[in-house]
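Each remark here refers to the structure printed beneath this line.
Each chain gets a letter, A, B and so on, in the order its sequence line appears, and its residues count up from 1.
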2 protein chains.
Amino acid sequence: MRYSHKLSDAVHILAYIAICHDGDLSSTAIAASVESNPALVRRLMGALRRAGLLATQQGSATPKLARQPAAISLFDIYQAVEGTGNLLHVDDKTNPHCIVGGNIQDTLRAAYAEVQTAAEAQMKTITLARLIGDILTRERAKRGPAAD
Amino acid sequence: MRYSHKLSDAVHILAYIAICHDGDLSSTAIAASVESNPALVRRLMGALRRAGLLATQQGSATPKLARQPAAISLFDIYQAVEGTGNLLHVDDKTNPHCIVGGNIQDTLRAAYAEVQTAAEAQMKTITLARLIGDILTRERAKRGPAAD
DNA sequence: CATTCATGTAACGATAAAAGTAACATCAAA
DNA sequence: TTTGATGTTACTTTTATCGTTACATGAATG
């Protein structure tokens with residue numbers, strides 16, 4: 001399939017709302033920054049709202065973060081938009097009559113769960129505040145490389 | 001897209017070769033255990049061979065592990081079949097004229113690299129030997145739950 | 001040494017998850 | 001009340017993965 005950009009786009013949306021809080025925060029304006037379309041932005045914003053990360057109001061282009069950026073981790077966003085989606089995937093169609101085919105699914109599930117836990121632990125250490133700070137730092141470096 | 005099962009199938013192939021070393025190790029026999037097809041098995045075996053994990057011989061159904069199972073990690077297999085494929089994917093189509101769209105790609109690449117490193121570190125701790133042992137343990141538990 | 005069967009590899013079609021698109025109900029604001 | 005926003009669903013398009021077929025190359029056996 002196509003690779004999922006939902007996490008990347010969701011971070012983009014939250015960072016945009018935080019950074020451009022005095023500008024146009026309509027789904028159309030955000031979609032222009034993401035280079036996507038308003039429906040996708042609204043879909044992702046819906047997921048973020050249901051996860052308690054974003055406050056929106058139907059009919060009004062005034063989304064706000066529901067928590068401080070420092071209190072929102074990359075893992076929170078990942079869970080919000082990817083649900084229980086896993087990074088690694090077991091092949092659930094193997095021959096149950098074979099010693100290997102009949103047991104490898106559970107074996108891999110356990111192993112993949114360890115990898116997933118490690119990845120999620122790292123995601124929990126990365127806050128939206130850090131990502132926003134990084135974006136602003138990169139922007140400053142671009143605009144005045146010698147001035148800083 | 002469809003979720004990739006290459007890592008799962010590659011582990012399956014290596015475990016099958018190690019466990020059923022006295023049986024039929026043709027790509028057709030292995031494909032029956034994976035419930036896939038011989039061409040896919042041969043493709044994955046080719047990747048494992050190029051990565052130095054498997055020794056094969058054209059024309060002869062006699063594949064052998066190129067290293068001890070304890071010296072093959074899940075990460076080795078991951079690298080062999082997924083190449084430099086990443087677990088998380090940056091959206092590389094964002095508006096470069098926006099503060100957010102113009103900087104978030106590099107910001108996310110750095111963050112995702114940390115997550116990738118954490119996941120890979122965990123993969124390095126999981127050996128093929130452990131996976132094989134787990135498969136055999138589960139098989140024993142199935143056959144004689146009361147006897148053990 | 002020819003037959004048989006194996007691997008190695010490439011090309012092409014099928015499948016399925018994601019993103020794109022369009023439509024419309026609901027709500028806010030002037 | 002008119003305009004324009006969000007919220008949501010249904011459908012189409014896209015594309016990475018997997019399945020299938022084909023065939024060149026090599027091993028093994030009589």
When all nucleic acid strands are considered with a 4.0 Å heavy-atom cut-off, which category describes B:Thr56: base, sugar-phosphate, or nothing? sugar-phosphate

Between B:Thr62 and A:Asp9, which is nearer to the 5' end of DNA chain C once each is assigned its nearest nucleotide? B:Thr62

In this structure, NE2 of A:His12 is separated from CG of B:Asn103 (nearest 0.5 Å) by 10.0 Å

Selected nucleotide, minimal atom distance to [X] side chain, candidates [options]:
X       : options                : result
B:Lys93 : C:dG20, C:dA19, D:dT6  : C:dG20
A:Ser60 : C:dA29, C:dG20, D:dA5  : C:dA29
B:Ser36 : C:dG8, D:dG19, D:dG7   : D:dG19
B:Ala39 : D:dT20, D:dA28, D:dA5  : D:dT20
B:Gln57 : C:dT21, D:dA27, D:dC18 : D:dA27
B:Ser4  : D:dT6, C:dA19, D:dC18  : D:dC18
B:Gln58 : D:dG19, C:dG8, C:dG20  : C:dG8

[X] has an atom [atom1]; how far is it from atom [atom2] of [N], in whole Å?
X       : N      : atom1 : atom2 : result
B:Asp24 : C:dT7  : CG    : P     : 8 Å
A:Asp91 : D:dT17 : CG    : C1'   : 12 Å
A:His89 : D:dA16 : NE2   : P     : 16 Å
B:Ile30 : C:dA6  : CD1   : P     : 12 Å
A:Arg42 : D:dT8  : CZ    : P     : 11 Å
B:Leu48 : C:dG8  : CG    : P     : 11 Å
B:Leu40 : C:dT9  : CG    : C1'   : 13 Å
A:Asn37 : D:dA5  : CG    : P     : 15 Å

Distance criterion of 3.5 Å, no angle test: do you see the side chain of A:Arg2 paired donor-to-acceptor with the base of D:dT14? yes

With a 3.5 Å cut-off and heavy atoms only, can you find an N or O donor on one side and an acceptor on the other between the side chain of B:Arg43 and the base of D:dG19? yes

Of B:Gly59 and A:Leu25, the one whose nearest nucleotide on DNA chain D sits closer to the 5' end is A:Leu25

Start at the 5' end of DNA chain D and walk down; is the nucleotide closest to A:Ser26 or to B:Glu82 reached first? A:Ser26

Do [X] and [Y] pair up side chain to side chain, a donor and an acceptor below 3.5 Å, judged on atom types alone?
X        : Y        : value
A:Thr117 : A:Glu120 : no
A:Asp91  : B:Ser8   : no
A:Thr137 : A:Asp134 : no

Do A:Ile132 and A:Phe75 sit in the same hydrophobic cluster, where Ile, Leu, Val, Met, Phe, Trp and Tyr count as joined when their side-chain heavy atoms come under 4.5 Å apart? yes

Whether [X] contacts [N] is assessed here as follows: a side-chain N or O lying under 4.0 Å from the phosphate OP1 or OP2. Is that the case?
X       : N      : answer
A:Arg50 : D:dT8  : yes
B:Tyr3  : D:dA16 : no
A:Arg49 : D:dT8  : yes

Is the shortest side-chain heavy-atom distance between B:Leu25 and B:Thr62 below 4.5 Å? no

